[in-house]
Amino acid sequence: MIIGRDREIELLRNTIQDDKSHFIAVYGRRRIGKTFLIREAFDYRFTFQHAGLSDGGMKEQIFAFESSIKDAGGNANKSSKTWLEAFEDLKDLIRASQEKKKIIFIDELSWMDTPKSDLMRALEHFWNGWASGRKDIVLIVCASATSWMISKVIHNKGGLYNRLTEQIKLESFSLSDCEEYVKSQKLVMTRNQILQYYMIFGGVPFYWSFLQRGLSLSQNVDKTLFEKNAPLEDEFKYLYASIFRNPDGYIKVISALAKKKAGMSRDDIASEAGVANSGDLTKKLEELESCGFIRKYYAYGMKKKNAIYQLIDNFTLFYYQFMESKPTDEHFWSNQINTPTVNTWLGLAFERVCLEHVPQIKRKLGISGVQTDVNSWYCKANEEKGIRGAQIDLLIVRKDQVINLCEMKYSESEFSITEEASTSIRNKIHSLVASTNTKYAIYPTVITTYGLVDNAYAGDIQSVVTLNDLFVPEG
């Protein structure tokens, strides 16, 4: 059973209903469910399907491709030495097929693109010179190397430029999707437990498949990450290696960003990571952003050149916080419950989850149809202006001249706004207005798990968003 991919399935299935050929690129990070989506959408029926070898040279890749042609009932040429020859054999297989629409699925295309192999030239010739002139072919290419897919296929500057008929970037599950998955597996979990698992693993479907019935949340985390030979104990190493051919440089950038919650400028990244502030760093930052590991934002009121890059991938952040030191306790997570380190992490992780669910927050605020910019903001202390300095992780700047200043607070019960917290919010509002000279109305907004305690300070809050609101499906 496939969860939460209705739009993507409809798009894929519609391609077999018309009388034209389609060239579709499906991309997204490792473990996001690309292959599963494509197989489910076409009921596992393909005229031809093939997956590239993770660590093979050109000769091995072509041999494997020809073997897949043979498995599909074609006449494979085991002596093929070029991709042009191999794609000629694929043409023969398609010509012999009696199916109304020939579904061609090539998975992990980036692995097939070995140095000097001319794979992309052969693919270009196959599509432009032959398949696009027919009415009965659906060609789907897929890869976990998101940056490769974007540069080599989606933004191809050669013969495949603007040749795609459809493209699908497969996004992570939302909290609502994860809850639907949990119910489909007959797992018993509260929304707070789903939230905490999401804080660790994000909305990557494969990671959720390790949940086992009858185990507590902490037991499931231990079994998945910390037990001896746990299935995901080395996931961090494979995660970046599967996406980037030379992952070390990317990991240097990620490691630098992991040290500062609010993010860093590229100058600071270059200094902290020990890399040159050059075009190569620009490329790495763009690719990490395209893969969803980091986000680039401009603080409200700041010049556009002062971009901030922030690490937002839940699993990566959890790794640096708790796994990098390689704890040997097989019950590590169970023994960390209610420790100060975990309690601090819960607060920070909840903020990230909120940033991933801005559409749900906007819906609760009744502004789904209002044009908005989503920003973070910070300022240094300025005695002359009476500014103490402030950091705001989520500002929703609205076209109707209102700014929702969002405070995100994880709590195991109703959150109580203390006098100190109320003073902090007022200081942030004053700092924001004094620093930016904004004329917009500022609405203090609290996003928390179970709502607010009704006390003397709660009345200063314009809007409250709860965990249940974050579970509302999009659309």
Side-chain angles (χ1 to χ4, degrees), residues 1-9 11-12 25-38 40-41 142-147 149-150 167-185 187 189 191 193-211 221 224-225 232 235-236 238-240 242-244 254 257-258 287-297 310-320 348-363 374 394 408 467 469-475:
M1 176 181 179
I2 192 163
I3 302 293
R5 305 298 193 194
D6 295 344
R7 182 186 65 82
E8 292 85 356
I9 288 177
L11 185 153
L12 290 169
V26 181
Y27 63 106
R29 62 168 287 169
R30 170 182 164 92
R31 311 295 204 186
I32 207 68
K34 303 178 294 299
T35 303
F36 183 63
L37 165 71
I38 295 164
E40 286 285 315
C142 180
S144 296
T146 306
S147 59
M149 284 288 287
I150 291 173
Q167 56 180 285
I168 297 174
K169 181 181 180 182
L170 209 56
E171 303 283 0
S172 296
F173 275 179
S174 66
L175 284 169
S176 173
D177 295 327
C178 292
E179 183 176 48
E180 186 180 349
Y181 174 81
V182 164
K183 289 179 179 178
S184 74
Q185 299 301 305
L187 296 161
M189 296 178 72
R191 283 187 164 178
Q193 290 170 334
I194 293 173
L195 169 66
Q196 289 189 34
Y197 199 80
Y198 197 98
M199 289 173 175
I200 300 171
F201 294 105
V204 179
F206 179 76
Y207 298 156
W208 288 76
S209 68
F210 292 98
L211 283 167
V221 174
T224 304
L225 294 176
L232 295 182
E235 176 64 11
F236 178 83
Y238 296 120
L239 176 59
Y240 289 90
S242 70
I243 296 174
F244 306 110
I254 289 292
L257 288 170
E287 292 180 347
L288 286 166
E289 184 181 7
S290 72
C291 295
F293 293 115
I294 67 174
R295 73 168 180 138
K296 177 184 179 182
Y297 72 88
Q310 182 183 32
L311 178 58
I312 56 170
D313 181 65
N314 292 3
F315 180 76
T316 300
L317 283 157
F318 184 85
Y319 169 84
Y320 279 110
L348 298 176
F350 182 67
E351 292 176 6
R352 290 195 303 275
V353 174
C354 292
L355 291 173
E356 294 175 278
H357 290 78
V358 171
Q360 286 81 0
I361 294 169
K362 287 179 61 176
R363 175 176 289 192
V374 178
L394 178 58
M408 297 168 280
L467 179 58
D469 299 318
L470 300 183
F471 273 82
V472 174
E474 287 189 55

So which atom in [X] and which in [Y] form the shortest heavy-atom distance, rounded to 0.1 Å?
| X | Y | value |
| --- | --- | --- |
| Ile243 | Thr146 | CG2-N, 4.1 Å |
| Val358 | Leu394 | CG2-CD1, 4.5 Å |
| Ser290 | Ile150 | CB-CD1, 3.4 Å |
| Leu239 | Ser242 | O-OG, 2.9 Å |
| Cys178 | Gly203 | SG-CA, 4.3 Å |

Could I get the full list of ring pair (Phe, Tyr, Trp, His ring centres under 6.0 Å) partners for [X], not counting sequence neighbours?
| X | result |
| --- | --- |
| Phe206 | Phe210 |
| Phe293 | Tyr240 |
| Tyr198 | His357 |
| Tyr197 | Phe201, Trp208 |

Side-chain heavy-atom pair [X], [Y] within 4.5 angstrom cut-off:
| X | Y | result |
| --- | --- | --- |
| Leu211 | Met189 | yes |
| Arg295 | Leu355 | yes |
| Leu225 | Phe315 | yes |
| Thr35 | Val26 | no |
| Arg29 | Asp313 | yes |
| Phe244 | Ser147 | yes |
| Ile168 | Leu12 | yes |
| Val472 | Ser176 | no |

Going by side-chain hydrogen bond (donor to acceptor under 3.5 Å, both in side chains), name the residues that satisfy it together with [X], two or more places apart in sequence or in a different chain.
| X | answer |
| --- | --- |
| Lys169 | none |
| Glu40 | Tyr44 |
| Ser144 | Lys34, Glu108 |
| Ser184 | none |

- Task: Test side chain to side chain contact (heavy atoms under 4.5 Å, CB included) on Leu288 and Leu257 and set out the steps.
- Result: CA-CA 12 Å; Leu288 286 166; Leu257 288 170; 5.7 Å; no

- Item | side chain to side chain contact (heavy atoms under 4.5 Å, CB included) evaluation trace for Gln193 with Val182 | CA-CA 11 Å; Gln193 290 170 334; Val182 164; over 6 Å; no

- Message: In this structure, is the centre-to-centre distance between the rings of Phe173 and Tyr181 below 6.0 Å?
- Response: no

For [X], check salt bridge (Lys or Arg N to Asp or Glu O under 4.0 Å) against everything at least two apart and list the hits.
| X | answer |
| --- | --- |
| Glu179 | Arg191 |
| Glu287 | Lys283 |
| Glu351 | Lys261 |
| Arg30 | Glu235 |

- Between CG on residue Asp177 and CD on residue Glu171, distance to nearest 0.5 Å: 11.5 Å

- Query: To the nearest 0.5 Å, how far apart are CD1 in Ile361 and CD in Glu356?
  - Reply: 10.5 Å

- Is the Phe236 ring parallel, tilted or perpendicular to the Tyr320 ring (thresholds 30°, 60°)? perpendicular

- Message: So for atom OH, which belongs to Tyr238, do other residues, nucleotides or ligands contribute more than 12 heavy atoms lying within a distance under 6.0 Å?
- Response: no

